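Worksheet: one structure, shown below.
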Amino acid sequence: MKIGYPCINQSLDCTSSSTFRLASYSDERVEQTVAANLACLQEILEYNVAHGLLFFRISSGIVPFGSHPINTFPWQTRFAAEFRAIGDYIKAHNMRVSLHPDQFVVLNSPSPDIVQRSIAELVYQGSMLDLMGLDTTAKLQIHLGGLYGDRDAAIGRFVATFQTLPEAVKVRLVVENDDRLFSLQDCLRLHAATGTPILFDNFHHECLNHGEPMPEALRLAAATWHPTRDGVLMMDYSSQSPGERKGKHVSSIQEDLFRGFLRDLGDLDVDIMLEVKDKEASAHRACGILRELSLVPAAPEGYVAPTFQPAAELAAPKPRKPRAAKSSTQG
DNA sequence: CTGTGTCAAGTCCGT
DNA sequence: ACGGACTTGACACAG
């Protein structure tokens, strides 16, 4: 079992998703930004290894305008060595990674243009995993898409589009149950038609279900993952933010609920992505609970779990290191 | 330096 | 009709 968090590390003073405005596009800018993003990604992965966090969602924004026609910079060849080195590091430390293309990726849109842009984005994100040399247990996680007033037609369009996808995308694509439109049952229908594994989101399942108890839902989703080709079930874990809109993610993991979830899990092996605001802070706490229960190896000798400020103080903006000057007369 | 309006892209829902 | 939410804020200009 591996624990992870998405995209951003709040303890480090770098971001792997720096970008710039379309209006200020230049090849030079792409080159500089990708170099900085990959350096930061490597730094985050090293932090994760040092803290026993072996699951990570890589930011979709590593390459600015990665699927936009304006971007003709050959980043795939320019950064081939860097991508390969990151992939080697991931494999050497037995880590698992995923990407979550954003809401603009809608494979079942009635608009052919939107579908084509969506495919281009999947090709871009999948190609990063290919350049890293990772196998097909590294996944691209999307939602089923829009409903457009007709569930059967919406699922049917997804299936039809899926058949046209490049093989490299097909083998990495997984579909997540969402909290309003497409339930676990809908995803199971899609799986039956396409073979696409279901990335299970426990919180979305709580928001939208057909009465399946959590342990049963977990097993239904897990059965859609081919053990060697896909790896163990990937899932998103979160819970309701108390007193807020239904579906709002909690800001920090609630340990009693997480322990209860682990009981639902029983002996099922899964990799858990924590979808909470405070990122690695919660991941450390979740990992501590798993160590307690001997579900992950004990921490190395001398390891001291990071401590974090109380939640109230987390709201304050984090002081950031000033940017390095581009040039300086002081050398 | 800090504050803040805006940014490639889609869809649904609450107001 | 429009703003907010969604896996993740960050950029860039005004003051």
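Remember, predicted model here, so these are calculated numbers, not experimental data. Chain naming here is simple, since letters A, B, ... match the order of the sequence lines and numbering starts at 1 in each. Reckoned from all heavy atoms, side chains included, excluding hydrogens, waters and symmetry mates.
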Across all strands shown, which nucleotide pairs with [N] by Watson-Crick or G-U wobble geometry, both distances under 3.5 Å?
N      : value
B/dT2  : C/dA14
C/dT7  : none
B/dG14 : C/dC2

With a 4.0 Å cut-off on heavy atoms, is [X] in touch with a base, just the backbone sugar-phosphate, or nothing at all?
X        : answer
A/Ile70  : nothing
A/Ser109 : sugar-phosphate
A/Glu275 : sugar-phosphate

Worksheet item: Is a salt bridge present between A/Arg229 and A/Asp135, judged by a nitrogen-to-oxygen distance below 4.0 Å?
Response: no
Worksheet item: Between B/dG5 and C/dG3, how far is it from one C1' atom to the other, in whole Å?
Response: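 Approximately 15 Å lies between the C1' atom of B/dG5 and that of C/dG3.
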Fill in: Inter-nucleotide C1' distance (C/dT8, B/dC1), Å rounded
26 Å
In whole angstrom, what separates [X]'s [atom1] from [N]'s [atom2]?
X        : N      : atom1 : atom2 : result
A/His143 : C/dT8  : NE2   : P     : 10 Å
A/Glu121 : B/dG10 : CD    : P     : 12 Å
A/Leu208 : B/dC12 : CG    : C1'   : 13 Å
A/Asp201 : C/dT7  : CG    : P     : 8 Å
A/Glu176 : C/dC6  : CD    : C1'   : 10 Å
A/Arg117 : B/dT11 : CZ    : P     : 9 Å
A/Asp179 : C/dC6  : CG    : P     : 8 Å
A/Leu22  : B/dC7  : CG    : P     : 11 Å

Choose from [options] the nucleotide whose nearest atom is closest to any side-chain atom of [X].
X        : options                : value
A/Ser17  : C/dT7, C/dT8, B/dC12   : C/dT8
A/His204 : C/dT8, B/dG10, C/dT7   : C/dT7
A/Val106 : C/dC11, B/dT11, C/dA12 : B/dT11
A/Phe65  : C/dA12, B/dA8, C/dT7   : B/dA8
A/Ser67  : C/dT7, C/dT8, B/dA9    : B/dA9
A/Arg29  : C/dT7, C/dC11, B/dG10  : C/dC11

Item to complete: Cation-pi check, A/Arg157 to A/Tyr148: give yes when NZ or CZ is under 6.0 Å from the six-membered ring centre and within 45° of the ring axis, no otherwise.
Response: yes
Worksheet entry | Stacked pair A/Phe104-B/dG10, distance under 5.5 Å, angle under 30° |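 Per 5.5 Å and 30° rule: no stacking.
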Discussion item. Please determine whether any donor N or O and acceptor N or O are separated by less than 3.5 Å between the side chain of A/Arg21 and the base of B/dT6.
Written reply: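 Indeed, a donor on one side and an acceptor on the other fall under 3.5 Å apart.
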Discussion item. Between A/Phe203 and A/His249 (judged by ring centroids, cut-off 6.0 Å), do the two rings come close enough to count as a pair?
Written reply: yes
Discussion item. What I'd like to find out is whether the side chain of A/Asn37 reaches to under 4.5 Å of the side chain of A/Val34, using heavy atoms alone.
Written reply: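 A side-chain contact is absent here, since even the closest heavy-atom pair is not under 4.5 Å.
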